[in-house]
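What follows is a set of notes on a single structure, which appears directly below.
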Number of protein chains: 2
Amino acid sequence: MPTVYDVARLAGVSTATVSRVMRGSDLVRPDTRARVLAVIDEVGFVPDASAQGLSRRRKDIIGLVALERGVDETDIERDGLLFVDQLVHAVEAVLRGTGCSLLLSFGRNGEPFQGRIRALSGKVDGLLVVEDAMPAAQLRALSRRLPVVAIAASPGEGGLDAVRVDNAGGMQALAAHLATGHGYRRLGFAGGPPDAPDAVERLAAFAAAARARPGCTVDVVPGGDFSEASGRTAARVLLSREAVPEAVACANDQMAIGVIRELQRSGIRVPADVAVTGFDNIFPGRVVDPPLTTVGQPFRELGARATTRLLERIAGSEAQPRADVLPTELVIRRSCGCPVTPSPAT
Amino acid sequence: MPTVYDVARLAGVSTATVSRVMRGSDLVRPDTRARVLAVIDEVGFVPDASAQGLSRRRKDIIGLVALERGVDETDIERDGLLFVDQLVHAVEAVLRGTGCSLLLSFGRNGEPFQGRIRALSGKVDGLLVVEDAMPAAQLRALSRRLPVVAIAASPGEGGLDAVRVDNAGGMQALAAHLATGHGYRRLGFAGGPPDAPDAVERLAAFAAAARARPGCTVDVVPGGDFSEASGRTAARVLLSREAVPEAVACANDQMAIGVIRELQRSGIRVPADVAVTGFDNIFPGRVVDPPLTTVGQPFRELGARATTRLLERIAGSEAQPRADVLPTELVIRRSCGCPVTPSPAT
DNA sequence: TTGTATGCGTTATCAC
DNA sequence: GTGATAACGCATACAA
């Protein structure tokens with residue numbers, strides 16, 4: 001592995017000059033630069049990031065930690081953890097324009113994650129923390145040593161940069177559509193993980209909005225894990241009730257898809273017999289039959305906003321920490337009972 | 001940011017002892033260890049990975065570089081790049097048990113990627129290269145400086161560790177099922193990116209297998225990009241032909257889903273009028289109506305195998321480079337024209 | 001414009 | 001068991 005010393009020697013210059021050439025400094029004579037560049041190219045010199053990081057006190061790496069949920073380790077055919085995947089791509093897209101890279105680490109439900117996050121924090125300049133990937137206390141402690149931006153974390157964590165989406169607003173719009181628009185009264189809700197802030201908020205907002213309407217009831221099935229399988233389970237529970245709901249809202253799209261398919265497997269027509277809705281607006285929801293009515297969240301913007309903020313912090317921004325809330329959007333398709341939309345290609 | 005020096009001073013020991021405690025060496029007296037540990041915990045010391053990397057000549061980071069295709073930058077609702085996402089999770093799952101982290105970098109179709117890979121190579125101990133994320137020549141050059149394992153790369157790159165799946169075998173089985181099983185004669189193929197080794201292999205194998213059967217023709221529509229949108233485009237092309245195929249195989253599942261939906265939008269029944277098949281076996285293919293007959297590839301194993309191999313190389317393995325080919329599996333659902341399978345929950 | 005010398009935070013090789 | 005101390009490879013303040 002060639003180092004600056006090798007390059008310097010071969011080019012007949014000092015290491016300082018090599019460094020200048022690498023960093024694109026213009027305080028170097030063109031012919032010197034050319035000579036150095038030639039050597040660099042010839043020996044295939046690539047600066048060691050560890051050494052650079054040590055010297056510049058900056059690693060040009062940010063980390064993203066998230067939870068992997070609802071995935072059986074032995075499952076070959078996974079659901080696809082669409083939410084976090086979308087986020088990863090959104091973050092990476094922003095980083096693409098910078099010299100920064102993305103380091104990622106997923107924690108699984110129960111497994112010890114704190115230790116890994118700790119170690120990881122030594123490898124990065126800043127951290128994106130998705131959902132409540134770590135306890136609030138540790139989050140705060142971490143954020144004193146390192147720029148941290150929380151994504152989709154529990155609200156109320158003041159003094160911390162955070163970006164989340166308007167779960168409540170989306171659910172209220174959805175409840176209104178279901179109750180007022182369609183006139184459904186007996187509602188159901190397939191809840192997500194209790195430790196997922198998004199899931200908690202969605203459930204609370206939906207239940208509150210629905211129950212605020214006269215005659216509306218909400219049959220909540222808690223304990224899902226955002227996976228399709230847990231949606232199926234919830235559907236079975238709902239089917240075992242004396243009065244099956246007219247409409248079932250779900251913590252996310254994957255669970256909604258599970259609910260739809262399980263209902264259909266039991267001979268129930270969706271949405272004719274039971275309407276079903278999701279949250280997220282991921283690709284499979286457009287594909288399932290019937291197409292899923294859902295609440296769309298702006299993945300791209302969520303990741304981009306958080307990343308931009310983190311980069312600013314790393315660059316030294318001392319601005320007041322902010323908690324941004326991004327708008328969500330009701331996406332009407334057919335699973336709620338609305339007629340076929342003649343839209344070109346949704 | 002506390003350093004070993006701070007900890008050493010506070011604990012009244014030398015930095016060497018702190019280092020020993022951190023690394024879990026047992027050559028340190030229990031009470032000393034306890035004292036050091038207490039200080040570490042109190043000041044929240046986390047070793048700087050750059051310094052560690054410099055000293056240990058090992059960064060405990062591996063990189064993954066892949067291509068992002070078929071995604072319009074302005075698209076809000078993305079298809080989800082399921083293939084690479086699956087891979088990322090599989091890789092991360094293996095890394096989870098080690099002290100190693102995953103750094104990732106996506107390149108977009110045309111954009112300059114080589115420079116970023118170069119810089120990235122200074123940050124990692126080894127590299128996973130997906131598809132032909134970089135020219136063969138550069139790949140070889142890189143692999144001389146760094147352990148590299150190619151995933152789903154073009155075959156024939158001898159002397160390099162590689163893991164791929166049996167695209168040809170899968171396609172042959174599929175062609176046999178379509179031609180012999182169902183008796184389709186006029187076949188179509190919605191091809192993927194010419195620079196995607198998987199896509200090229202799948203097309204070649206399918207066309208060869210099909211044309212080897214008497215009476216079979218294959219109408220190939222090249223130039224897709226693995227996205228659902230490009231599947232729709234291909235479907236439109238096929239529809240404009242004087243003789244629409246009886247069955248259309250596709251480069252991947254997303255394109256197949258696009259084909260299905262576009263055909264349906266034109267009033268064509270799938271599979272009654274035209275059968276459609278995919279490749280990959282991703283979640284949306286189970287959800288689409290009709291459920292997609294496809295060729296399943298072992299994402300998990302693909303990522304795990306490659307990662308394990310890379311880790312071995314980094315650990316110093318001098319074993320002969322190998323190119324593993326993982327088996328694929330025909331997944332029969334309904335889009336090929338097979339009757340409803342009464343399977344419990346596919 | 002270029003070179004010299006030092007620091008960055010850790011690990012490891014020695015001594016003690 | 002523990003403590004000095006020399007790398008590790010790069011960036012940079014300061015000289016020249």
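Just so it is clear: chains get the letters A, B, ... in the order the sequence lines come, proteins before strands, and each one is counted from 1.
Looking at residues two or more places apart in sequence or on another chain, you find a side-chain contact (heavy atoms from CB on, under 4.5 Å) between R35(A) and V13(A), T32(A). Partners of A315(A) under the side-chain contact (heavy atoms from CB on, under 4.5 Å) rule, at least two apart in sequence or in another chain, do not exist in this structure. Not counting sequence neighbours, the partners of A319(A) by the side-chain contact (heavy atoms from CB on, under 4.5 Å) test are R313(A), S317(A).
In this structure, the CZ atom of R9(A) is 14 Å from the C1' atom of dG9(D), given to the nearest Å. One interatomic measurement links the two molecules: CZ of R58(B) to C1' of dA7(D), which rounds to 20 Å at whole-angstrom precision. Summarising the geometry, the separation between CG on L27(B) and C1' on dA15(C) is reported as 15 Å, rounded to the nearest angstrom.
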Listed pairs under 3.5 Å, donor-acceptor, residues 142-152 of chain B side chains, sequence neighbours left out:
| from | atom 1 | to | atom 2 | distance (Å) |
| --- | --- | --- | --- | --- |
| S143(B) | OG | R140(B) | O | 2.8 |
| R145(B) | NH2 | S121(B) | OG | 2.9 |

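Among the heavy atoms of the strands, none lies under 4.0 Å from G122(A).
The end-to-end axis angle of the helix from dT1(C)-dA16(D) to dC16(C)-dG1(D), rounded to 10 degrees and based on five pairs per end, is 30°.
Nearest to the side chain of R29(A), among dC8(D), dT2(C), dC8(C), sits dT2(C).
Considering CZ of F106(B) and CZ of F113(B), their distance stands at 9.0 Å, rounded to 0.5 Å.
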Output one line per pair: protein atom, nucleotide atom from nucleotides 10-12 of chain D, and distance, for all N/O pairs under 3.5 Å.
| from | atom 1 | to | atom 2 | distance (Å) |
| --- | --- | --- | --- | --- |
| dC10(D) | OP1 | D48(A) | N | 3.3 |
| dC10(D) | OP2 | V4(A) | N | 2.5 |
| dC10(D) | O2 | S55(A) | OG | 3.2 |
| dC10(D) | N4 | Y5(A) | OH | 2.9 |
| dA11(D) | OP1 | Q52(A) | NE2 | 2.8 |
| dA11(D) | OP2 | S19(A) | OG | 2.9 |
| dA11(D) | O4' | S55(A) | OG | 2.5 |

